[in-house]
Structures are given as structure tokens and as C-alpha cells.
> 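Before anything else, here's the structure in question.
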Amino acid sequence: MTISSKWNFPTTVLFGEGRIAELPAVLKAAGISRPLFVTDPGLAKLPVVAGTLKLLEDAGVAYGVFFDVKPNPVESNLAAGIAIFEAGSHDGVIAFGGGSALDLGKLVAFQAGQTRPIWDFEDVGDWWTRADSDAIAPVIAVPTTAGTGSEVGRAGVLTNEATHTKKVIFHPKMLPVTVIADPALTVGMPKMITAGTGMDALAHCLEAYCAPGFHPMADGIGAEGVRLVLEYLPRAYADGFDIEARANMMAAAAMGATAFQKGLGAIHSLSHPIGALYDTHHGMTNALFMPYVLDFNRAAIEERIERLAAYCGIDGGFDGFRQRVMELRAELGVPERLRDLISGLEMDDVRKNLIADMAIVDPTAGGNPVELTRDAVLSLLEKSM
Ligand SMILES: [Fe+2]
């Protein structure tokens with residue numbers, strides 16, 4: 001193997017309970033005087049948002065609010081956000097929430113100053129160089145879930161409604177300038193969201209760790225991230241107020257997104273089309289496919305997984321690790337089969353073939369340790385049914 005790689009490590013992260021109080025100072029340091037606060041409609045009604053907006057009011061910050069964000073953000077959400085950003089003469093974004101709010105906040109800050117359509121900046125080759133990087137507004141990211149890790153990422157996912165595909169929009173300057181990772185903001189997360197987002201973090205750490213390529217730092221971060229999720233996700237799920245568990249999950253989420261610059265794999269390649277076609281929860285969909293993808297990749301990853309199992313204190317090598325994933329799924333109430341995840345699911349051959357076509361061209365497919373073919377996708381779908 002050639003030892004040649006490109007490593008990118010994230011940004012300033014202010015980590016700890018209560019650190020949201022530093023938001024006004026963080027805005028000032030970033031030179032943002034008129035932030036647009038982007039969140040999702042569910043969170044907008046909760047005290048966690050009211051409390052944060054009060055911090056801004058008390059500090060005399062002139063802010064705007066935008067929360068018209070779908071769980072899987074679409075182009076019309078972006079257009080609406082940009083209109084508000086421009087109407088309010090905003091000079092930066094506070095992206096506050098789970099993956100969809102963080103991604104959309106980053107996309108608004110990125111796209112507001114661009115003249116080309118957003119799809120011109122898909123994460124393909126060097127398309128990001130088409131952007132006017134001086135026109136990208138700064139973002140302060142405040143995650144309120146522990147899964148996506150979008151707070152430390154340089155991309156945002158947007159669903160193209162015309163083609164029902166999720167597109168990754170990438171630019172190095174989409175990386176938030178500062179992250180406030182305050183685990184106290186996650187204590188109100190419902191159990192289902194705790195489980196789903198936590199399993200997304202696990203999928204990021206695991207797929208990055210298994211992806212081919214020379215990236216020992218990502219491997220180390222991914223392995224420790226897996227260990228943290230296995231130890232702390234059951235605790236965070238059982239008791240949402242367990243702040244130590246919440247903090248460790250918040251760290252694991254950021255670690256997953258840091259590690260996956262190395263690559264993701266077939267869990268995500270399958271999860272993306274299913275999410276785009278059926279609007280399923282991304283993390284729950286990942287969790288559903290995880291054991292089948294482990295099996296599919298076994299020949300290529302067995303040795304790695306044995307090492308990982310030993311590091312996590314799991315007996316039985318690959319089989320022991322797979323068993324632990326199955327136990328975790330059961331403990332968290334993850335649907336066992338696709339039809340448990342999608343009510344009234346009817347999937348004919350045309351639909352299965354469409355999913356296979358989408359999965360093999362998904363940007364994550366190239367990171368799978370074993371080549372993801374159409375037949376392989378069809379077989380993985382069959383197993384998940
Ligand atoms: Fe993910």
C-alpha cells in the first residue's frame with residue numbers, strides 16, 4: 001500500500017456542560033454581529049431554543065430566526081433560508097440542532113453569496129473550487145443531538161426533490177469556525193432520537209475504521225468512537241439525564257464525523273436511497289443494515305474487527321462484535337426488518353432495482369472494503385426484509 005494521504009482535522013470545539021453561555025462571546029470573536037439562527041421546527045418550540053435566544057437578547061445581539069427545515073432538507077428549505085438571510089442582512093449563521101438544522105444552516109451560509117446553482121457544488125472532484133469562497137459566511141455550530149457530527153464537517157446534505165437523491169455539497173469553508181458542544185443541550189432528546197442518532201455515530205466510526213486507505217489517525221479516532229458508543233449509548237438511552245453518558249456520546253459523534261473523512265461504506269450507501277425514497281430516520285436505517293453489511297464485508301475486515309473487539313473488551317472476535325451490535329440494536333428498539341421501519345412497505349423488483357442503482361453510485365459506496373455491486377445491494381436488501 002502506498003503511504004500517501006490527505007488529513008483534515010476539525011475546528012475549535014468548546015466542549016462541556018453549560019458552555020452555550022459563551023455563544024455571544026463566540027459570535028463576537030468570529031466577527032458576526034447579525035447572526036441568523038437556523039434550527040428545526042420541532043426544536044424551535046422547546047425551552048432549549050428559548051433559553052439560547054434569551055442569551056443573545058441579554059447580550060444585545062440582533063439576530064434573526066429561521067426554522068423551516070424538513071428532516072431531510074430540500075432545495076426549497078435552502079431557498080427560503082437564503083431569502084431570510086438576505087432580507088435580514090445577516091453576516092453569519094448559528095446552526096443549532098440535529099443533522100438537518102446543522103446542514104441547512106451551513107448550506108445557507110455557503111450558498112447565500114453564490115451565483116451558481118447549489119447542485120454545481122456537489123462533492124464531485126474539485127467542483128468546490130467553482131465557489132466564490134470569499135462570499136461564504138461564517139457558521140457557529142451548536143449540536144443538540146449526538147450523531148451526525150455535522151458540526152465538525154465540511155459538507156451539507158441536501159435532497160434533490162426532482163431525482164429523490166441526497167446530494168453532498170462540499171466546501172472546505174463550510175466547516176464551522178467554532179463549535180459549542182454542550183451535552184446539557186441533548187438531555188431532552190427523545191429516546192428514539194437518542195438511539196437513532198447514536199447508531200449513526202456508531203456507523204460513522206465503524207465504517208471509517210473499516211474503510212480502505214492509509215489514515216491511522218482516523219482509524220484510532222474511529223476505534224475509540226466505537227468503544228464510546230458501545231459503552232455510553234445504552235446509558236444515554238436508559239437515562240437521558242445521565243450527563244456523563246450524553247457528553248461521551250457527543251464526543252463520539254464528533255469523532256465519527258472526523259474519522260469518516262477516510263470514507264464510509266455500504267451501510268450509508270443503502271441508507272441514503274432508503275432515506276431519500278421513504279423519509280426514514282437516517283441513524284435507524286443505518287442500524288438496520290449494520291449487521292448485514294458487516295457480514296458482507298467479513299472477508300476484508302475480519303482481522304480489523306478482531307482488533308476492534310479486543311480493544312472494546314468484547315470476547316469472540318468478529319462474531320462477538322457482531323453479536324454486540326445485535327444486542328445493542330435490540331436494547332435500543334431498532335427495527336429488526338425493513339418492513340418494521342417502513343410501515344406498509346411494498347417493494348417490487350422495479351423499486352429494488354432503483355435502490356440498487358442509487359446505492360452503487362452513492363458517494364459512500366467507494367469506501368466500502370468490498371466492491372458494492374448491484375447484486376450485493378439486492379442481496380443486502382433481501383436480508384433486511
Ligand atoms: Fe450518517
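Counting convention: from 1, in listed order, for ligands and their atoms alike. Computation of the quantities below employed the complete heavy-atom set of this structure, encompassing side-chain atoms and omitting hydrogens, waters and symmetry-equivalent molecules.
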> Give me the ring orientation class for His204 and His282: parallel if the planes are under 30° apart, tilted from 30 to 60°, perpendicular past 60°.
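Correct class here is tilted.
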> Report the relative orientation of the aromatic rings in Phe110 and Phe121; use parallel for angles under 30°, tilted for 30 to 60°, perpendicular for over 60°.
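Rings of Phe110 and Phe121: perpendicular, over 60°.
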> For the Fe ion (ligand 1), what is the number of protein N, O or S atoms at a distance under 2.8 Å?
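There are 4 of them.
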> Is NZ or CZ of Arg351 both nearer than 6.0 Å to the six-membered ring centre of Tyr278 and within 45° of the ring axis?
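Verdict for Tyr278: a cation-pi partner in Arg351.
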> For Val157, what are the other residues in its hydrophobic cluster, where any two members join if their side-chain heavy atoms are less than 4.5 angstrom apart?
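Val168, which link up through side-chain heavy atoms under 4.5 Å apart, make up the rest of the cluster.
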> Return yes when atom CD of Glu57 has more than 12 non-hydrogen atoms of other residues, nucleotides or ligands closer than 6.0 Å, and no otherwise.
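Above 12, so yes.
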> Among Thr280, Thr159, Asp103, which residue meets the side-chain contact (heavy atoms from CB on, under 4.5 Å) test with Asn72?
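Result for side-chain contact (heavy atoms from CB on, under 4.5 Å) with Asn72: Thr159.
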